[in-house]
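In what follows, a single structure is set out as structure tokens and then discussed.
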Amino acid sequence: MQDIVLLEAVHKVYKMGEVAVTALNGISLTVKKGEFVAIMGASGSGKSTLMNILGCLDSPSQGKYYLEEIEVSNFSKNELAEIRNRKLGFVFQNFNLLSRTTVLENIELPLIYGKQLSKPDTDRVHQIIRTLGLEEYQKHYPNQLSGGQQQRVAIARAIANNPTLLLADEPTGNLDSVTSTEVMKVLCDLNCNMGITILLVTHENDIARYARRVIILKDGKVLSDTPSKSSTTPASQALCETTS
Amino acid sequence: MPTLFKIALRAIMRNKLRSSLTILGIVIGVGAVIAMVSIGQGAKSMVEKQLESIGTNVLLIIPVSTTHTVTSARGMTAGFATLTIEDTMAIEKECRAVNHVSASVRTTTQVVYGNQNWTTYVSGVGPDYQIIRNWPLESGRFINQRDVNIMAKVCVLGQTVVANLFGTLDPIDKWIRVKNVPFKVIGVLNTKGESPMGQDQDDVVLMPYTTVQRKIMGVTYLGIIFASSVSADTRFEAIEQITALLRQRHRLRPHEENDFTVISQVEFASTIMETSRTMTLLLGSIASVSLIVGGIGIMNIMLVSTTERTREIGIRMAVGAKEKDILFQFLTEATVLSSIGGLVGIIFGIVLSKLVSSFGGWPALLSPPAIAIAFLFSNMVGIFFGYYPARKASRLNPIDALRYE
Ligand SMILES: Nc1ncnc2c1ncn2[C@@H]1O[C@H](COP(=O)(O)OP(=O)(O)O)[C@@H](O)[C@H]1O
Ligand SMILES: [Mg+2]
């Protein structure tokens, strides 16, 4: 299977005046198409930094990043923007929706920065809205929705451009456990049925259980990289089977 | 691009008070530009109209010295007896730059036809008066030299007098009475309209000047001598020749002042031009200062706005907005803001020019190209002053922007 992600000895050093903080200290890993990976680790272990680099929001200080076999680690700001627009979807802990902008317009946001809004695009957006059960909220504003609903809007926006890779940095961090489960079901469904590759940061084992592979970071390094024990748990399995 | 426009409009409407305060400078600037041009044009057209109605080469010789003047109307009609018929004839004969001369004398009196009466100016003039004033007849004939010579009791009526005495009747060959003396109407003048000073020039009865002097006023002096130079360009020559001739005729010694004044209408018009130019300059400086201040206001607000919306910028960048998308977004916003200012400024400018013109007696001539240029200029101000904040926003680093609280 094709490597969606290939990282080779990626370093990230933040310089704050005299002090240099090494957030990533030589990370190498591959992610194949269709994988569902959870990234775990203590606070400050570099999870967000890794996600930002994978999400092309930031570039590594050293090392190489291949996305779908294209090296993007030396791309310009503009090229990175284009990659983010066409190949990546990002879900944040704090949703990051545009307030005073309707749900529908939030979801369509990546499309206005791509090529012209075409019929297939709008059709797909409607399909996504239906899949995520957001039909009746299209004209609402984010602050009129619950946290779980807002995160679903954010997920819808992240996949509006049909990305190859969906990155979620603690997507359930601001949600209660019931809503968290709801959001995880949505992600599982996207992974199983739409074949979207997902990388997810969490520090909750319950959440990590939905993934099939768990990477644990420590001090900017990969501590362990193992298949999820629970990838065969009835819950996750059943979810995929019923929806597929 | 309509999406960008919508985003910009929404951002502006979000903060209505702030936006309106921001555009104030642009409103005043654009308004001043429009008022400036319209007042300038109005004054110019007024002067042109005046020159057309009086004639570019008309010279007035008034029997008052320049030091006494301020050319009061009273001084002119009361007349100092310094100008004579002989002066008139001498000017006609000896001043080579002058081609027509007409003596004139004027009084205000009542004219009667049947049971209608009307108080008007009775002006005594010579045959050349019609040519000098370039004043065509509607019907009948004008006063000729013979009428002057024999003090004929004939008159030529202005349209206002015709309307008030005759209504719809044809006045030709009718008799009107002035101070109980009957005068035969021999001609009717065309409509001349208002003078630049707002006087109704058609409210007049013209007669041979000899007739007015003897039959109506019982005087021998003249009021004004009308003359015309051969061309507009020779008017200075004409003024010099007339001045020299009259000084000689009036036996004025070199240290003595003129006891008359020669006025050219062109010079009079140029005072009006001067005033309007001052006005234009004043408005022009107000306009440029306000446009710059308005532009800085826009820059300031855009800087505040981009800082406030750092997170929004981060979100947009995270989903793939490029530098140029963010740049365009904020540039559009600044431009839309300044265009709204421009539109309001156009309305303000129209009101302002009407106001100034009604106070100053200028016609307000609104010039569509000037309005278009002022509007375009307001857009340019938006682009110019919006560029720096927009560029600053577009250069943000997506992660820093997203992390901004
Ligand atoms: N922008 C930054 N500037 C300086 N240091 C940073 C920055 N972002 C992260 N770091 C540091 O890098 C390390 C990893 O941070 P992060 O990736 O956010 O960890 P995690 O998401 O696992 O909690 C931390 O020590 C953090 O302080
Ligand atoms: Mg983090």
Side-chain angles (χ1 to χ4, degrees), chain A residues 12 14 23 48-59 75-102 105-117 141-142 153-154 156-163 167 169, chain B residues 1-19 301-302 304-333 336-337 387 390-405:
Chain A
K12 182 72 191 180
Y14 291 110
S48 293
T49 307
L50 177 62
M51 290 302 264
N52 289 339
I53 288 172
L54 288 170
C56 287
L57 290 164
D58 207 352
S59 302
F75 267 21
S76 69
K77 270 183 88 176
N78 265 339
E79 290 169 317
L80 288 177
E82 184 144 353
I83 293 289
R84 287 198 296 275
N85 187 246
R86 293 199 291 112
K87 298 195 170 175
L88 300 167
F90 219 109
V91 178
F92 304 88
Q93 179 175 354
N94 56 1
F95 322 134
N96 271 337
L97 297 174
L98 294 182
S99 54
R100 296 194 182 92
T101 304
T102 63
E105 284 170 317
N106 262 293
I107 296 172
E108 281 177 339
L109 199 59
L111 300 177
I112 67 168
Y113 293 116
K115 37 204 170 12
Q116 281 292 308
L117 249 182
Y141 290 91
V153 174
R157 179 183 65 191
I159 61 173
N161 253 0
N162 205 14
L167 300 155
D169 193 350
Chain B
M1 288 301 114
T3 331
L4 265 185
F5 188 76
K6 217 168 80 184
I7 293 170
L9 213 58
R10 199 180 291 165
I12 290 164
M13 296 318 274
R14 199 168 294 168
N15 234 318
K16 290 194 189 68
L17 180 65
R18 184 204 275 180
S19 303
I301 286 303
M302 292 310 294
V304 170
S305 167
T306 50
T307 310
E308 279 177 355
R309 285 151 68 197
T310 303
R311 234 195 142 90
E312 173 191 331
I313 296 165
I315 294 170
R316 290 181 184 279
M317 285 178 159
V319 302
K322 294 183 183 165
E323 249 178 59
K324 75 167 202 306
D325 295 316
I326 302 296
L327 183 80
F328 273 129
Q329 178 185 339
F330 285 95
L331 218 47
T332 307
E333 202 171 308
V336 169
L337 203 56
Y387 183 76
R391 201 187 67 145
K392 200 166 160 236
S394 74
R395 293 278 172 96
L396 281 172
N397 186 355
I399 316 191
D400 296 339
L402 277 170
R403 208 174 277 144
Y404 186 86
E405 287 305 324

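Labels below follow one simple rule: chain letters A, B, ... track the order of the sequence lines, proteins then strands, and each chain is numbered from 1. Keep in mind the model is a prediction, meaning the values are calculated, not measured.
Between Glu105(A) and Lys6(B) there is a side-chain heavy-atom pair separated by less than 4.5 Å. Here the side chains of Arg316(B) and Leu98(A) are in contact, with some heavy-atom distance below 4.5 Å. Side-chain contact between Leu109(A) and Ile315(B) is present, with at least one heavy-atom pair separated by less than 4.5 Å.
When heavy atoms are compared at a cutoff of 4.5 Å, Arg100(A) approaches chain B by way of both its backbone and its side chain. When heavy atoms are compared at a cutoff of 4.5 Å, Leu97(A) approaches chain B solely by way of its backbone atoms N, CA, C and O.
Lys77(A) places a side-chain N or O within 3.5 Å of a backbone atom of Arg395(B) that can act as its donor or acceptor partner.
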Go through the steps to decide whether Arg10(B) and Thr101(A) satisfy the test side-chain contact (heavy atoms from CB on, under 4.5 Å), and finish with yes or no. CA-CA 9 Å; Arg10(B) 199 180 291 165; Thr101(A) 304; 3.9 Å; yes
Intermediate values then yes/no, side-chain contact (heavy atoms from CB on, under 4.5 Å), Ile112(A) and Ile7(B): CA-CA 11 Å; Ile112(A) 67 168; Ile7(B) 293 170; 4.3 Å; yes
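Closest approach of Arg84(A) and Ala318(B) over heavy atoms only: CD-O, 3.5 Å. Scanning both residues, Tyr113(A) and Gly320(B), for their nearest heavy atoms gives CB-O, 3.8 Å. Here the closest non-hydrogen pair linking Leu57(A) and Ile399(B) is O-CG1, 3.3 Å. Heavy-atom minimum distance, Lys322(B) versus Ala81(A): CG-CB, 3.7 Å.
From Ser99(A), atom OG reaches atom CZ of Arg14(B) across 6.5 Å, with rounding to the nearest 0.5 Å.
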